[in-house]
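Okay, so here's the structure we're looking at.
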Amino acid sequence: MNANLDVVPMQEWINTDGKPLIIAGPCSAETEEQVLETANRIKAEGYAHIMRAGVWKPRTRPGSFEGMGEAALPWLVEAKKQTGLPLAVEVATPEHIELALKYGVDVLWVGARTTVNPFNVQEIADALKGVDIPVLVKNPVNPDLALWVGAFERLQGAGIKKLGAIHRGFSNAQETKYRNSPMWQMAVEMKRLFPQLPIIGDPSHMAGKRALLMELSQRILDLNYDGMIIETHRRPDEAWSDASQQLTPEALGEMLRELEVRKANYGVEFTDELAALRAKIDNIDRELMEVLAARMAVVEKLGEYKRDNNVAVLQLDRWKQVHTDRAKQASGLGLYPEFVEELFKLVHLESIRKQTEVMHTIAQ
Ligand code: PEP
Ligand code: MN
């Protein structure tokens, strides 16, 4: 891909003393008390450089909380007054931009569901012509690098130079461990294309649940990202959106203190070919395991069917057919047939084990 961006270094619009940028705040601004209490508790912890809050919430399905809209902006202004923390808000339309600017929001971000739509992004870019404000762009929900790059090009076309990328992961067709799979190589590619473009990890939206935040955040730091945006709420379980992935401001402080920041080779790994290839392999291996897990889930259903209909687990004819079919497919894919044969022997053994286990459980 041929692309070029003229980017103002991040430290010129937010001073983090060389440390990773931390943007913290609730998924959504809900009430004045919630915003102010969360903001003050974040401030007291001392880790945040910017406070985030969603005011207009793009929800996958209607009926969920869609944000307080303009009513929430004065609460954010008050939070900034009390804490001194600059504000970051998601904008999706020219109207959002007009309101955010009117209330003095400091940093804007474009959400993953907006980045996917070039019409939307162009409207946003047009509304920002002549405005000097940092704009962070989340990756599109689908793993399409050109779409992400295109959003930056549209903003750059409008004269925006204070730019940053937010890597929040990509939605999955299959159930996986993550709400949005990181697919690290996408971010690595982004950094290779635009080494000067800051990249910020969003472990909250990758994880979808608190238990995964630590490992994802460490991975983000290991890859020398320029910062993280993490959701935090005064009472996470009561949050009106994304309750299961938010942490209290204090729990976030504790997590951040436990993380290791790798200063020595800051920014180096992204330009390293070996690291890029390894990131690709890590991701492919993860996908391999997800596909294996999906296969085992079907095998389990098969086991239930056999159990309920009194069919023996091992069907030799079927196994022979699988065997020859897979070997044929292997050579079509340029894979060594003996390798695939061995691999499927193992897969089959595991399938038999799984079905035998199901046989011995009682039908629900
Ligand atoms: C958010 O940051 O709250 C949000 C809506 O994220 P995303 O656009 O990544 O889904
Ligand atoms: Mn959220």
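Each ligand, and each atom within it, is numbered from 1 in the order the structure gives.
Neighbouring protein atoms of the Mn ion (ligand 2) (N, O or S, distance under 2.8 Å, waters ignored): C27 SG, H205 NE2, E231 OE2, D242 OD2.
Proximity to G111 (heavy-atom distance under 4.0 Å) selects the following atoms of ligand 1: 8 (O). Taking a cut-off of under 4.0 Å to the non-hydrogen atoms of E231, the atoms of ligand 1 that pass are 1 (C), 3 (O). Which parts of ligand 1 touch C27 is read off a 4.0 Å heavy-atom cut-off, strictly below it: atoms 3 (O).
Although no hydrogens or angles enter the test, the distance criterion places no donor-acceptor pair under 3.5 Å between the side chain of N142 and the main chain of V116. Although no hydrogens or angles enter the test, the distance criterion places no donor-acceptor pair under 3.5 Å between the side chain of Q196 and the main chain of D6. Using a distance-only test at 3.5 Å, with no hydrogens or angles considered, a donor-acceptor pair links the side chain of H167 to the main chain of P182.
D242 pairs in a salt bridge (charged side-chain N to carboxylate O under 4.0 Å, His left out) with only one of the listed residues (K209, R210, R179), which is R179.
Classification of the F152-W148 ring pair by plane angle, with boundaries at 30° and 60°, yields tilted.
Relative to atom 3 (O) of ligand 1, the option among R113, E90, K57, R179 with the closest non-hydrogen atom is K57. With atom 4 (C) of ligand 1 as the reference point, the heavy atom nearest to it among H167, R168, H205, Q245 is part of H205. Distances from atom 2 (O) of ligand 1 to the heavy atoms of M206, R59, K138 put K138 nearest.
Hydrophobic clustering keeps L147 apart from F194 (ILVMFWY residues linked when any side-chain heavy atoms are closer than 4.5 Å, directly or through intermediates).
For E290, the salt bridge (charged side-chain N to carboxylate O under 4.0 Å, His left out) criterion is met by R286, not counting sequence neighbours.
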(message) For K138 and R113: C-alpha separation, side-chain torsions, deciding distance, then whether side chain to side chain contact (heavy atoms under 4.5 Å, CB included) applies.
(response) CA-CA 9 Å; K138 288 207 176 192; R113 290 168 192 76; over 6 Å; no

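Between atom CG of residue L85 and atom CD1 of residue I22 there is a gap of 12.5 Å, rounded to the nearest 0.5 Å.
Given atom 8 (O) of ligand 1, the protein heavy atom at minimum distance is A112 N, 2.9 Å.
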